[in-house]
Amino acid sequence: QYPFEVKSKEGKVLESFTSFELKRPKGKHLKATDHVTGEAAKTLALIAACVGVPPEMLNELDIVDFTALGEIVEGFTKAPRRTTETSSAT
């Protein structure tokens, strides 16, 4: 929702983001969070792994977008709800 730019130390725009394509997380993406401490940092590391960018590239991610991406990634980790049909014999 809120585009942002990644800039060099000199202020040169290195990359501009308006959207991300998230890959469904796999074990390797979860392992990318093992060395990270803190809930927000772990979420950021997982988002970065699923997007395919270094976590520090997402440091300027707006909180609204961070929350939305975090919810999407979290949704990947939840097992789908299965419904069962029941029949009753009368």
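The residues of the chain are indexed from 1 along the displayed sequence. Heavy-atom basis, side chains included; hydrogens, waters and symmetry copies ignored.
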**OP:** Heavy atoms only: give me the nearest Ala45-Pro55 pair and the separation to one decimal.
**Re:** CA-CG, 4.2 Å
**OP:** May I ask whether Val73 and Val64 are part of the same hydrophobic cluster, defined by side-chain heavy atoms of I, L, V, M, F, W, Y residues being less than 4.5 angstrom apart, directly or through others?
**Re:** yes
Subject >> Stepwise side chain to side chain contact (heavy atoms under 4.5 Å, CB included) test for Leu58 and Phe66 >> reply: CA-CA 9 Å; Leu58 301 181; Phe66 172 82; over 6 Å; no
Under 3.5 Å, side-chain donor or acceptor atoms of residues 28-41 against the rest of the protein: list the pairs with distances, not counting sequence neighbours.
residue : atom : partner : partner atom : Å
His29   : ND1  : Lys26   : N            : 2.8
Thr33   : OG1  : Leu30   : O            : 2.6
His35   : ND1  : Ala32   : O            : 3.2

Original post:
How many angstroms lie between atom CD of Glu74 and atom CD1 of Ile47, to the nearest 0.5 angstrom?
Top reply: 10.5 Å
Original post:
Mind checking what makes side chain to side chain contact (heavy atoms under 4.5 Å, CB included) contact with Glu60, not counting sequence neighbours?
Top reply: Phe4
Original post:
When you look at CD of Glu21, are more than 12 heavy atoms from neighbouring residues, nucleotides or ligands closer to it than 6.0 Å?
Top reply: no
Original post:
Can you name the residues that form a side chain to side chain donor-acceptor pair (under 3.5 Å) with Glu10, not counting sequence neighbours?
Top reply: Ser8
Original post:
Would Leu46 and Ile63 show up in the same hydrophobic cluster when neighbours are defined by side-chain heavy atoms closer than 4.5 Å?
Top reply: yes
**OP:** Calculate, to the nearest 0.5 Å, the distance between atoms CG and OG1 belonging to Leu69 and Thr43 respectively.
**Re:** 10.5 Å
